[in-house]
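Following: one structure in structure tokens, then a few remarks.
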Amino acid sequence: MTRFTIAAAQYPIEALADWAACEAKLTNWVEAAAAGGAALAVFPEYGAMELASLETETMGDLAGSLASVSALLPQVDALHERLAARHGLHILAASAPCEVGEGRFVNRARLFAPNGKIGVQDKLIMTRFEREEWGVSAGSPLRLFDTALGRIGINICYDSEFPLLARAQVEAGMELLLVPSCTEALHGYWRVRLGAQARALEGQCYAVHSPTVGRAEWSPAVDSNRGAAAVYGPPDRGFPDSGVVALGELDKPQWLFAEVDLARVSALRADGGVLNASHWAEQPGADNLPPVELVDLR
């Protein structure tokens with residue numbers, strides 16, 4: 001399959017009354033993505049932080065919210081696994097803090113295939129808030145997921161602002177880059193947006209941006225959320241002149257639907273108006289790339 005529809009979420013962080021409310025919300029969102037014809041549904045960075053509201057004693061505490069959300073991940077992941085199988089679609093779940101031992105937490109995104117396979121990508125480069133105030137640590141390794149849809153990479157929010165990560169994934173065959181984000185202000189949204197667009201330009205591939213939106217005053221971690229979902233491509237043959245394939249309405253909770261065709265990626269890399277992907281190697285120091293682990297989700 002080279003041509004399919006992607007649903008990118010502008011996902012609102014909301015206080016949840018109980019687990020049943022969480023299950024109903026995620027089920028409704030995935031059902032809406034499937035009803036729109038999506039083969040891939042992309043949720044944002046730290047969208048799972050709304051789970052902190054289920055523990056009222058700790059939801060206003062940075063450290064407490066890390067522990068409470070991480071403890072719920074097995075339950076959350078089981079729900080995503082069921083939804084992916086039921087609707088026959090791939091789901092990038094909203095990233096969440098995940099305890100990896102001795103009180104150390106990483107920011108982890110999970111990609112669910114409808115066949116039951118699951119891929120994990122941790123955030124590699126932490127923002128100042130994560131490293132200086134919240135105590136969320138960098139994870140590893142950098143991965144690329146071989147799926148029935150194509151080869152998919154994930155750069156979580158700030159990671160998209162560092163070109164060598166996506167470039168290493170391009171060298172390993174990446175056709176589609178997913179950029180889940182959580183940004184409290186418009187300047188943060190624009191940093192991630194420009195990073196996603198630049199990665200699509202350099203790699204001659206698609207980049208999908210999915211942000212959190214709305215206010216969650218009860219959470220010191222995700223109290224303010226700004227952004228617009230989008231699908232970007234290189235501004236070249238077969239793509240819009242702007243490179244913007246689709247763009248959502250700023251700060252509005254919604255699914256953004258867009259059709260992509262990965263055959264255009266290979267065609268452009270072979271015979272585009274420019275050849276950014278293959279000409280990358282002409283830069284001094286261009287071969288100094290991080291290793292990429294290929295994960296089979298087929």
Side-chain angles (χ1 to χ4, degrees), residues 6-9 11 13 19 22-23 25-27 29-30 33-34 38-52 65-101 104-124 126 130 136-160 165 169 174 176-182 208-212 221-222 292-298:
I6 293 174
Y11 188 77
I13 300 290
W19 169 255
C22 171
E23 185 171 12
K25 180 179 180 181
L26 286 172
T27 299
W29 271 78
V30 173
L40 170 63
V42 182
F43 286 96
E45 178 190 37
Y46 286 133
M49 286 309 299
E50 64 184 2
L51 293 166
S65 62
L66 287 177
S68 66
V69 173
S70 180
L72 286 169
L73 276 187
Q75 198 170 339
V76 173
D77 287 355
L79 173 59
H80 282 86
E81 189 173 0
R82 292 194 300 272
L83 291 171
R86 181 186 308 164
H87 296 287
L89 80 166
H90 292 71
I91 303 173
L92 181 70
S95 84
C98 178
E99 187 169 10
V100 291
R104 178 173 173 264
F105 293 88
V106 298
N107 180 2
R108 177 163 291 176
R110 292 93 59 222
L111 179 61
F112 295 84
N115 61 9
K117 293 185 177 181
I118 304 169
V120 170
Q121 178 64 66
D122 294 341
K123 191 173 185 178
L124 302 177
M126 315 315 291
E130 286 170 311
V136 181
S137 303
S140 65
L142 180 63
R143 293 187 168 107
L144 183 67
F145 304 100
D146 194 8
T147 76
L149 301 178
R151 288 198 167 180
I152 298 174
I154 302 166
N155 285 182
I156 301 175
C157 199
Y158 195 42
D159 283 352
S160 70
L165 302 179
Q169 292 166 316
M174 182 176 71
L176 176 65
L177 176 65
L178 307 183
V179 184
S181 76
C182 179
V208 181
H209 184 188
S210 168
T212 51
V222 290
V292 175
E293 178 182 296
L294 185 62
V295 179
D296 183 10
L297 298 187
R298 288 181 173 273

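Counting from 1, the numbers follow the sequence of the chain as shown. Any value given below was found using the heavy atoms of this structure, including those in side chains, with hydrogens, waters and symmetry copies removed.
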Would you name the heavy atoms of Ser68 and Ser65 that are closest together and state the gap between them?
OG-O, 3.3 Å
Evaluate side chain to side chain contact (heavy atoms under 4.5 Å, CB included) for Lys117 paired with Asp296, printing each intermediate quantity in order.
CA-CA 8 Å; Lys117 293 185 177 181; Asp296 183 10; 4.1 Å; yes
How about Glu99 and Pro97: do any of their side-chain heavy atoms sit closer than 4.5 Å?
no
For His209 against Pro211, the heavy-atom pair lying closest together:
O-CD, 4.0 Å
Tabulate below the donor-acceptor pairs under 3.5 Å that side-chain atoms of residues 80-96 make, not counting sequence neighbours, or state none.
unit_1 : atom_1 : unit_2 : atom_2 : d
His80  : ND1    : Val76  : O      : 2.9
Ser95  : OG     : Tyr46  : N      : 2.8
Ser95  : OG     : Asn107 : OD1    : 2.7

Donor-acceptor contact below 3.5 Å, side chain Ser70 vs main chain Leu66
no
Suppose we screen for side-chain hydrogen bond (donor to acceptor under 3.5 Å, both in side chains). Which residues come up paired with Ser210, at least two apart in sequence or across chains?
none
Expected list for residues 145-156: side-chain donor-acceptor pairs under 3.5 angstrom, two or more places apart:
unit_1 : atom_1 : unit_2 : atom_2 : d
Asp146 : OD1    : Arg298 : NE     : 3.2
Thr147 : OG1    : Leu149 : N      : 3.0
Thr147 : OG1    : Gly150 : N      : 3.1
Thr147 : OG1    : Gly150 : O      : 2.7
Arg151 : NH1    : Ala172 : O      : 2.8
Asn155 : ND2    : Gln169 : OE1    : 3.0

Test Ile118 against Asp77 for side chain to side chain contact (heavy atoms under 4.5 Å, CB included), laying out the working first.
CA-CA 9 Å; Ile118 304 169; Asp77 287 355; 5.6 Å; no
Shortest non-hydrogen contact from Lys123 toward Tyr158:
CE-CB, 3.8 Å
What verdict does the side chain to side chain contact (heavy atoms under 4.5 Å, CB included) test give for Leu178 and Leu176, after you've listed the backbone C-alpha separation in whole Å, the side-chain angles of each residue and the deciding distance to 0.1 Å?
CA-CA 7 Å; Leu178 307 183; Leu176 176 65; 4.0 Å; yes
Do Leu124 and Leu165 have side chains that approach each other closer than 4.5 Å (heavy atoms only, starting at C-beta)?
yes
Could you verify whether a donor N or O on one side chain and an acceptor N or O on the other, from Tyr11 and Glu50, lie under 3.5 Å apart?
yes
Any side-chain heavy-atom pair of Trp19 and Leu51 under 4.5 Å:
yes
How far apart are the C-alpha atoms of Arg110 and Leu73, what are their side-chain angles, what is the distance that settles it, and do they pass the side chain to side chain contact (heavy atoms under 4.5 Å, CB included) test?
CA-CA 10 Å; Arg110 292 93 59 222; Leu73 276 187; 3.7 Å; yes
Please check this pair: side chain of Glu45 against backbone of Cys182, looking for a donor-acceptor N/O pair closer than 3.5 Å.
yes
Do Val179 and Val42 come close enough that some side-chain heavy atom pair is under 4.5 Å?
no
